[in-house]
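This report refers to the structure that appears directly beneath it.
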Amino acid sequence: MAFESLTDKLQEAFKSLKSKGKISEDDVNRALRQVRTALLEADVNFKVAKDFIARIKEKALGEEVFGSLNPVQTVVKIVNDELTELLGGTQSRIMIASKPPTIIMLVGLQGAGKTTTAGKLAVYLRKQGKHPMLVAADVYRPAAIKQLQVVGAQIDVPVFAKEEAGANPVDIAKEAIEASTHMLKDVVIIDTAGRLAIDEELMNELVNIKGAVHPHEILLVVDSMIGQDAVTTAETFNEKLGLDGVILTKLDGDARGGAALSIKAVTGTPIKFTGTSEKMDGLEVFYPDRMASRILD
Ligand code: GDP
């Protein structure tokens, strides 16, 4: 699982404090240096790590850690609170339209897990009592349409697709939304085309779909295994499209966790879900406080 190495190193940093009865400012500084190294090794953005440590130091001084009865617990609590804040503070829900359908647009690079996540999101929303449908708006790769159809069949969710050559993704999205009404579907999840790298053509197409259908949620699906590149990807998509949230996939792998810890701070966009397996039930709502406790445990 992600974060294992970070968790080990943070524990080590606190262990050196725990062996002392009273702690001095020097002791805390030493431990925080270890925390900072651990964050950087976990591939946390440099500035994010630096600011994080500065805030903890300030709080530790403010809360008079050094004279307190349980100085180590106080430091650990401060780190826990700051980690929660870094991860987004409170849970960010997805927006459900007051008048259906709720339109969710999934964007991201090829291989990030978009198609898989579209299916997972449909399963998640169905569990919430919604009636989702999927839309294949990737017109460039026939295999992508087929893949979404396979996912749809597997979870028994209808897939709106147009297989003829020359179909336009903007029209597909618009037609799918019209169709949702008579299909009695109240959530439309649009799986857009991805590219191996960000290019202008891809971005323009996504901007056009956004302009045509005004999604309630534009969610970036990003692979946690690509580390800092996940953060840059989020920055770029956010600049062009204005993201409502991020879904961080493959957290079941051995990602070092830096993306999870940097995305909110760098882009201002919250992580809303994480992908934790290849299976259709492998989507988890992202709770910053629970993740912080998991990292520190
Ligand atoms: P797309 O190109 O963005 O649509 O990506 P896909 O949905 O085709 O996913 C690419 C690969 O990543 C597939 O093999 C998926 O099974 C896998 N995948 C997606 N999400 C996760 C996840 O959360 N965990 C794991 N382990 N694999 C995932």
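In each ligand, atom 1 is the first atom listed, and ligand 1 is the first ligand listed.
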Asp252 and Ser277 side chains, donor-acceptor separation under 3.5 Å: no
Does ligand 1 have an atom under 4.0 Å from some heavy atom of [X]?
X	result
Gly108	no
Gly194	no
Gly253	no
Val221	no

Indicate yes or no: does [X] engage [Y] in a salt bridge with an N to O separation below 4.0 Å.
X	Y	result
Lys162	Glu175	yes
Asp51	Arg55	no
Lys130	Asp186	no
Asp138	Arg141	yes
Asp26	Arg30	no

Would [X] count as being in polar contact with ligand 1, using the rule that some N or O on each side must be under 3.5 angstrom apart?
X	result
Thr249	no
Leu251	no
Arg141	no
Lys250	yes
Lys114	yes
Gly282	no

Taking non-hydrogen atoms only, is [X] closer than 4.0 angstrom to ligand 1 via side chain, backbone, both or neither?
X	value
Thr276	backbone
Ala144	neither
Lys120	side chain
Asp252	side chain

Under 4.0 Å from any heavy atom of [X], which atoms of ligand 1 are there?
X	answer
Thr116	6 (P), 7 (O), 9 (O), 15 (C), 19 (C)
Leu109	3 (O)
Gln147	6 (P), 7 (O), 8 (O)
Gly275	23 (O)

Verify same cluster id: Ile295, Leu40 (apolar side-chain graph, 4.5 Å):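 Ile295 and Leu40: separate clusters.
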Same apolar cluster: Leu83 and Leu251, side chain cutoff 4.5 Å: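 Linked, Leu83 and Leu251 end up in one cluster.
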Student check: side-chain heavy atoms of Leu32 and Lys57 closer than 4.5 Å: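 In short, these two side chains touch, coming nearer than 4.5 Å.
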Heavy-atom check, side chain of Phe237 versus side chain of Ile198, under 4.5 Å: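 The answer is yes; the side chains approach within 4.5 Å.
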Pi-cation contact, Tyr140 with Arg195 (under 6.0 Å, within 45°): yes
